[in-house]
Number of protein chains: 2
Amino acid sequence: MSDEKLTPQSENFSEWYNQIVLRADLADYAPVRGCMVVKPYGWALWENIQQALDKRFKATGHVNAAFPLFIPMSFLEKEKEHVEGFSPELAVVTVGGGETLEEPLVVRPTSETIIGYMYSKWIRSYRDLPILINQWGNVVRWEMRTRLFLRTLEFYWQEGHTAHATREEAIEETMRMLDTYYRFAIEEAAVPVIPGRKSQTEKFAGAEMSMTIEAMMRDTKALQSGTSHFLGQNFARAFDIRFLDQNNELQYAWTTSWGLSTRFIGAIIMTHGDDQGLILPPRLAPIQVVIVPIYRDDAERSLVMPVVDRLEQELREAFRVHVDRRDGVTPGFKFNDWEMRGVPLRLEVGPKDVEKNSVALARRDRPGKAGKSFVSQEGLTQTIADTLKDIHQSLLDRAIAFRDSHIHDVKDYEELKQVVEGGWAFAWWCGSAACEAKVKEDTKATTRCIPLDQPGGAGRCVVCGEPATEKVYFARAY
Amino acid sequence: MSDEKLTPQSENFSEWYNQIVLRADLADYAPVRGCMVVKPYGWALWENIQQALDKRFKATGHVNAAFPLFIPMSFLEKEKEHVEGFSPELAVVTVGGGETLEEPLVVRPTSETIIGYMYSKWIRSYRDLPILINQWGNVVRWEMRTRLFLRTLEFYWQEGHTAHATREEAIEETMRMLDTYYRFAIEEAAVPVIPGRKSQTEKFAGAEMSMTIEAMMRDTKALQSGTSHFLGQNFARAFDIRFLDQNNELQYAWTTSWGLSTRFIGAIIMTHGDDQGLILPPRLAPIQVVIVPIYRDDAERSLVMPVVDRLEQELREAFRVHVDRRDGVTPGFKFNDWEMRGVPLRLEVGPKDVEKNSVALARRDRPGKAGKSFVSQEGLTQTIADTLKDIHQSLLDRAIAFRDSHIHDVKDYEELKQVVEGGWAFAWWCGSAACEAKVKEDTKATTRCIPLDQPGGAGRCVVCGEPATEKVYFARAY
Ligand SMILES: [Zn+2]
Ligand SMILES: [Zn+2]
């Protein structure tokens with residue numbers, strides 16, 4: 001970490017983001033254009049995201065597996081919308097073992113096709129359904145404009161792929177996984193996402209219906225943070241995924257897919273971070289509590305360190321704890337460093353604390369004196385557990401307040417155009433792609449989602465004035 | 001699972017292996033030549049291997065990170081031996097986003113080069129050392145003859161990459177990770193590997209010294225199960241990984257790399273399996289205890305199932321438990337099925353067991369009556385914990401006995417030639433590549449390792465009769 005100040009969010013949000021990713025040691029640029037190196041601190045955050053999600057997937061009956069990285073080009077071509085959506089973004093292997101391949105292999109941009117092929121081999125009867133498989137892995141999409149975590153050529157994610165006997169079950173699964181993402185975002189990441197449906201224009205290439213969770217970043221832009229797709233029978237027809245039903249008749253299966261990626265790290269950074277750096281939600285933070293010993297000389301040091309060692313032992317039973325034992329840097333430098341890295345709670349132990357059997361706690365979410373308190377070493381585990389819980393809640397409350405104060409119900413098109421300059425517009429929309437396209441052209445804002453939570457009733461499309469039955473969020477997006 | 005019998009090991013070991021992988025539902029063939037699909041049961045086994053290793057890596061101070069899948073072709077060319085070793089096996093991306101790339105990208109066969117490049121950016125001073133990073137991921141090597149798990153185009157592994165200030169520290173790390181693999185193999189997988197050094201011919205392309213753990217399969221062939229390489233300053237020179245030492249002088253770093261892959265699943269299968277199927281070591285088995293309810297009618301069913309449910313609740317606190325609730329298949333079918341899948345312990349509950357407050361336990365490692373016992377439901381958690389521990393030990397003992405009875409100290413070349421037909425030959429070797437090559441040509445056996453455990457003293461090379469100071473294992477290998 002250097003001593004230079006971060007560019008403030010208000011000055012240049014994009015620059016603030018780039019600096020924070022590098023200086024908080026989350027990731028670095030790779031020597032291949034558009035690729036990233038996820039550094040240990042960033043990867044530890046991703047591992048915590050993985051564990052939290054994986055637990056939820058397994059609790060809902062899913063199992064993990066691994067499908068190949070390479071997909072024959074011909075597979076992608078079997079689903080028309082799918083290949084149209086992905087072909088501009090493909091990385092293609094044409095040479096293997098020194099020879100030109102007869103059929104080029106695509107480095108998977110997503111795995112519906114190859115998994116569909118395997119499911120058609122595995123599924124024979126209704127007894128084989130549902131199949132509920134998830135995969136953790138890497139995928140590649142040849143993006144032209146890239147940003148660390150937000151949009152990279154290679155990224156890390158999970159992709160769930162399920163097959164069902166009925167349309168209803170598949171839709172139920174689609175909604176269950178949307179809800180899983182929603183709860184994960186709120187309960188683990190304190191990111192108050194809005195769940196809803198994508199428009200036909202914005203849906204996944206090959207899906208019948210795409211559901212999404214959309215988050216508002218601190219520059220008010222939207223970030224699609226996870227998606228759950230009902231694929232209908234599109235891939236089942238393309239890959240001949242059929243089963244004998246209870247009446248011994250051959251039926252096409254109904255499939256879903258759903259994914260959440262390292263992009264979510266971008267959502268965390270831009271939902272909670274401030275001008276001092278990153279702020280990590282306590283349940284996902286690689287370090288939940290950092291202990292900084294405070295001493296001026298060897299005498300104080302020998303007073304303080306035994307207490308620090310004892311507290312470390314005690315606290316590591318319940319929390320992810322790190323003691324900053326660095327010599328040759330001041331406590332002030334250490335404070336700034338851990339603030340930059342977003343550790344939710346700092347614990348200071350100095351000679352006076354030793355004397356009083358206390359410690360100082362400093363909350364990352366409340367800078368300066370407001371977030372500092374002096375508490376007893378007795379019952380410290382409980383105090384910290386309560387404080388971390390409170391930090392989670394306060395991050396969530398703050399993000400909700402920010403989001404809600406930047407969402408505006410708009411009455412007419414003029415208001416919409418103004419609102420999307422610095423917020424989201426919530427408006428009646430007739431559902432036509434033409435109206436969507438006009439908004440995009442005029443304002444760069446797109447439909448983010450038709451939220452599950454609808455006011456009911458009916459209105460007039462904010463663009464064309466035709467009758468509308470649903471309201472939608474328009475916003476500029478990452 | 002079909003009812004057909006497995007091909008016995010003694011009849012066709014290779015066919016036995018292929019059948020078991022498919023029928024125990026570990027993996028399937030992918031539609032791309034040489035690639036595999038790791039099915040949920042196989043992936044759960046790999047996840048347990050990952051967790052066991054990851055814990056050991058973290059306990060020895062390592063952290064995880066993620067480096068790109070794509071490596072510029074020019075990077076590989078920077079280390080002469082490295083590119084010679086890997087270039088015949090490369091998969092190459094030549095097209096991205098619809099355009100031909102200026103510089104082709106290699107799909108990583110291993111990551112020394114790209115990680116070396118990043119380390120040269122990150123390392124400035126001796127204070128930045130050591131760097132101790134591990135990566136879990138997929139790699140691609142364009143193999144011509146493939147076998148599920150043993151040799152596939154794409155495989156899954158971990159690769160550790162470390163950089164140190166001194167030669168001694170790097171060698172220490174190399175040996176520490178060898179020891180980590182050794183302990184993991186013995187303590188978690190019950191695979192009695194032999195740790196040792198690879199010959200110059202057999203070492204990793206670009207390494208100064210390669211260490212290995214070698215296991216004997218039940219057909220007596222050797223399987224290299226994990227490797228730890230001391231890379232000297234080879235990659236530091238190729239990628240300019242330099243640091244200012246304590247005297248403010250620029251020095252090249254010393255690096256290591258070490259890896260263990262999904263190949264290890266092959267080692268587990270071929271170390272423990274028998275003619276009934278897979279036998280999984282208890283500490284890694286996805287299902288440690290399978291409960292099979294036994295009943296002939298609804299009355300018995302309603303007697304048995306509440307006890308099964310209660311035991312499941314109780315046991316899942318301590319073990320990975322699965323209850324086979326399938327209707328329409330006989331208990332006998334279920335027994336065979338779980339034997340095929342290698343579950344270490346089967347627990348049966350029938351009406352008589354309910355009456356007597358007992359259960360029947362059947363050990364997978366001892367087929368038939370020898371492995372069956374009737375135990376009280378009281379203290380069942382402890383009984384099972386003890387039994388699983390005993391199964392681990394008995395699998396290990398059996399594998400050691402098998403291994404040791406198939407290793408022969410050979411006195412002359414004639415004996416060596418005979419021994420490697422059905423075992424390993426342990427012999428004095430002068431260290432020359434010519435003698436190694438002669439053995440390989442005459443017998444297909446290669447030097448597997450120069451074990452750490454040496455008899456001391458000196459002898460005469462079993463091939464050429466020249467003086468020799470070390471003994472080596474010669475064996476045919478996977
Ligand atoms: Zn309209
Ligand atoms: Zn010789």
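Residue numbers begin at 1 in each chain, while the letters A, B, ... track the order of the sequences.
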For chain B, which candidate among [options] shows the most heavy-atom pairs at distances under 4.5 Å?
options	answer
A:Ser87, A:Pro31, A:Ala27	A:Pro31
A:Val63, A:Asn134, A:Val32	A:Val32
A:Leu153, A:Ile133, A:Asn138	A:Asn138

Heavy-atom distances under 4.5 Å only: say whether [X] touches chain A with side chain, backbone, both or neither.
X	value
B:Leu101	side chain
B:Tyr117	side chain
B:Pro88	backbone
B:Ile114	side chain

Can you establish whether the number of heavy atoms outside [X] located under 6.0 Å from its atom [atom1] is more than 12?
X	atom1	result
B:Gln313	CD	yes
A:Lys55	NZ	no
B:Arg127	CZ	no

Exercise for the section: Counting only heavy atoms closer than 4.5 Å, note whether A:Asn64 contacts chain B via side chain, backbone, both or neither. Expected result: both
Practice task
Can you tell which part of A:Ile115 gets under 4.5 Å to a heavy atom of chain B, answering side chain, backbone, both or neither?
Solution key: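 Neither part, no heavy atoms under 4.5 Å.
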Does [X] reach the side chain of [Y], with side-chain heavy atoms less than 4.5 Å apart?
X	Y	answer
B:Val140	A:Leu69	yes
A:Trp122	B:Val37	yes
A:Val107	B:Val93	yes
A:Val92	B:Thr94	no

Completion exercise
Looking only at B:Ala30, B:Ala91, B:Gly98, most heavy-atom pairs under 4.5 Å shared with chain A are made by B:Ala91
Practice task
Determine the option with the most heavy-atom pairs under 4.5 angstrom with chain A, choosing from B:Gly137, B:Gly96, B:Pro104.
Solution key: B:Gly96
Exercise for the section: Supply the atom-to-atom distance B:Tyr29 OH to A:Met118 CE, rounded to the nearest 0.5 angstrom. Expected result: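 One gets 11.5 Å once the value is rounded to the nearest 0.5 Å.
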Handout entry: Spacing of A:Cys35 atom SG and B:Ile71 atom CD1 [to the nearest 0.5 Å]
Key =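 One finds 11.0 Å between SG of A:Cys35 and CD1 of B:Ile71.
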Exercise for the section: Please report the shortest heavy-atom distance between A:Phe70 and B:Trp142, naming the atom on each side. Expected result: CE1-CZ3, 4.3 Å
Handout entry: Nearest heavy-atom neighbours spanning A:Pro68 and B:Met36
Key =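 In this case the closest contact between A:Pro68 and B:Met36 is CG-O, 3.6 Å.
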Handout entry: Contacts with chain A made by residues 38-51 of chain B (heavy-atom distance under 4.5 Å), listed by residue number
Key =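 B:Val38, B:Lys39, B:Pro40, B:Trp43, B:Glu47 fall under the 4.5 Å cut-off.
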